[in-house]
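One structure is given below, encoded as structure tokens.
A quick note: this is a predicted structure, and the numbers were derived from the prediction, not measured.
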2 protein chains.
Amino acid sequence: MPTIKDVARLANVSTATVSYVLNNSGPVSEATRARVLAAVEELGYRPSIIARSLKGKHTHMLGFVLSPYARQPQDPFFNEFIAALADTAAGFNYHVAVTTTADLASERKTYKDMVEDRRVDGFIIADTRLDDERLAYLIAAGFPFVAFGRPANELIFPYVDVDGYTGVKQAVQYLIDLGHRRIGLIELSPTLVCRMHRRQGYEAALQENDLPLDSELIVAGGLTEEDGYRAMGKLLDLVQPPTAVMAGNDLMAVGAMNAIHDRGLSVPDDVALIGFDDIPLTTYVRPTLSTLRQDFYDIGERVVRMLMALLHDEELTETQVILEPTLIIRESSGGALIKD
Amino acid sequence: MPTIKDVARLANVSTATVSYVLNNSGPVSEATRARVLAAVEELGYRPSIIARSLKGKHTHMLGFVLSPYARQPQDPFFNEFIAALADTAAGFNYHVAVTTTADLASERKTYKDMVEDRRVDGFIIADTRLDDERLAYLIAAGFPFVAFGRPANELIFPYVDVDGYTGVKQAVQYLIDLGHRRIGLIELSPTLVCRMHRRQGYEAALQENDLPLDSELIVAGGLTEEDGYRAMGKLLDLVQPPTAVMAGNDLMAVGAMNAIHDRGLSVPDDVALIGFDDIPLTTYVRPTLSTLRQDFYDIGERVVRMLMALLHDEELTETQVILEPTLIIRESSGGALIKD
DNA sequence: TTGAAAGCGTTACCAC
DNA sequence: GTGGTAACGCTTTCAA
């Protein structure tokens, strides 16, 4: 591998001049520039990222830690999100280091290691939590990051989030307009900040329509298909089961769908269903799943752009971005209950 | 951030001694060692990965490039595989840089950049192709990598692969044993090496049972649910459609399932179905999908272990590993056609 | 058992 | 416009 010295020698200039040419960081005569460029070409020289980093104090790496804590690794969310991160970062000549963790302890250690080893210049944090150690740690360490998800407390940091409140409210309103009066809610994991907003959206929709808030219609779910299956089972066991259900995410909605089918009932005739996320799975199942779409690619792209601005000391025009999800009506939400 | 010099100063030793202690690379008296360790502790010192890399000529990074060319980004395969890569690498103090590419040209550029910039010490390559530029390039460049998938030609490199031939043969035999005589095959993308082996397994099973090889029963598929849907449509359009179908992967099997349902037919009564991969989706659909399981986590782990051995100049005990897939019978493959 | 110093490949300050 | 050289933080050779 040729180094800058080899280039300098071949072009009969100093290494400083080579550096000037390559980085446009000094005045160089056209003739010299041409000679340097020719030498670079001839040698196939590429500057060493590592040496550059040692000088420049940055790694051109972004960190993203996969945690089973808030999302299952099989959640297709990651595919789109990671692709967006990697794509967008590449546009800035950055790369993304993806790490996985098994539990909270190893997650803690991972962040600490990445920060203290200065392996990455900044982090992308997904799925903010109620009492989020990661956020607290990074803020305390003064380490740059941008989150997908809002804070639950008074912490201040840049983020992109989806408006779960408005989204769920709109979806539940849609079900109410269809004629549904008993609408169930299968909640996400209690530690997730977004669970809160979605719940509030659900309650707001009922209140605005003067529908009673029946606590037995709100069941703890979780994250996975199994969680949704189990939660739906509880709802179906009620003396008066709901005729429609809003699920915390698509995976649980599909679980709910299976629970309904396995009891010989039908979606949407016996129970209408709406999910959240719009993962590809929604169109694979029958009936296809109505849902609230969050554009993970868009979110990932925005998050990286904000982080790049942060790292380059640029002015962040918007530091907290809230995106509206789109209600996507497919088959599982059914038609009007009472035909006229 | 404290440097090695700060530690040396505080411990009243030279930087060399600090380095000896930290790397166990020189004889150090117990007293000195203790003093150094105390200083490290007090300062919260962590060696700079970058400076280390500059000396040592390695980055402690592994590269993995996501390509839509052979697998759709929404393929859940990636989740498990990437998690396995990241987990296993972490055990060796390595990290994984994940990059995405949009097309073959950008893929080519990505590999070139990563290699020439020496951003990573080695690559993991997934889904080998018939005429695989990536492999050719890395071999020509003498750059270390381990593949998930076999070569299609005479190239020699370390890999882990799943025995698609035996797997599919076994699955088709299973269908034959159930009484099926007309068995369809929905193929993977033609460029994938594994398509070949699976096709051969299909043909072998038919031949061993003296069943005719009907070319109209073999249809081009692809990768996605849509591909499977379309391919199944073609099979159902036949004058004499198959009573069972082996799909190139689970995603296409689910697409086939939907195609069958959408024509008012039933799985497995009208058409029995077996997929390949065992992604979580197989248990979310109704009927649940029979499939050949490949353990992506295991594969990812093995690939990284082999790559680590390669990078550390250790003897590779096995350089080409073939794993057997497991036939998993769920509902979609049905029971015996002719009940006795 | 310890340390001085060279060197890894850059960048950038300061002279010329 | 150009070049010499120190510096980035570490490892390692060589000498003491």
Original post:
How far does the helix from C:dT1-D:dA16 to C:dC16-D:dG1 bend, going by the axes of its first and last five pairs, to the nearest 10°?
Top reply: 50°
**OP:** Taking only Lys NZ, Arg NE, NH1 and NH2, and the carboxylate oxygens of Asp or Glu, determine whether B:R129 and B:E107 approach each other closer than 4.0 Å.
**Re:** yes
Subject >> Sequence neighbours excluded, every pair satisfying salt bridge (Lys or Arg N to Asp or Glu O under 4.0 Å) that has a member inside residues 16-32 of chain B >> reply: B:E30-B:R33
Original post:
Given B:F123, which of B:F145, B:F64, B:Y111 fulfils the ring pair (Phe, Tyr, Trp, His ring centres under 6.0 Å) condition?
Top reply: B:Y111
**OP:** Identify which one of A:R118, A:R119, A:K112 satisfies the side chain to side chain donor-acceptor pair (under 3.5 Å) criterion when paired with A:E116.
**Re:** A:K112
Subject >> Nucleotide-resolved protein contact map, nucleotides 3-12 of chain C, B/S/- at heavy-atom distance under 4.0 Å >> reply: BBB-BBBBBB
**OP:** Calculate, to the nearest 0.5 Å, the distance between atoms NE2 and CG belonging to B:H58 and B:D121 respectively.
**Re:** 6.5 Å
Subject >> Minimum side-chain heavy-atom gap A:D132-A:Y137 below 4.5 Å >> reply: no
Original post:
Under 4.5 Å between any side-chain heavy atoms of B:V36 and B:V13, yes or no?
Top reply: yes
Subject >> Strand contacts (DNA chain D) in residues 109-116 of chain A, 4.0 angstrom heavy-atom criterion >> reply: none
Original post:
Sequence neighbours excluded, which residues qualify as side chain to side chain contact (heavy atoms under 4.5 Å, CB included) partners of A:R52?
Top reply: A:N23, A:P47
Subject >> A:I49 backbone acceptor or donor facing A:S53 side chain under 3.5 Å >> reply: yes
Original post:
Rounding to a whole Å, what distance do you find between B:N24:CG and C:dT2:P?
Top reply: 14 Å
Original post:
With sequence neighbours excluded, what pairs up with B:R305 under the salt bridge (Lys or Arg N to Asp or Glu O under 4.0 Å) test?
Top reply: B:E301
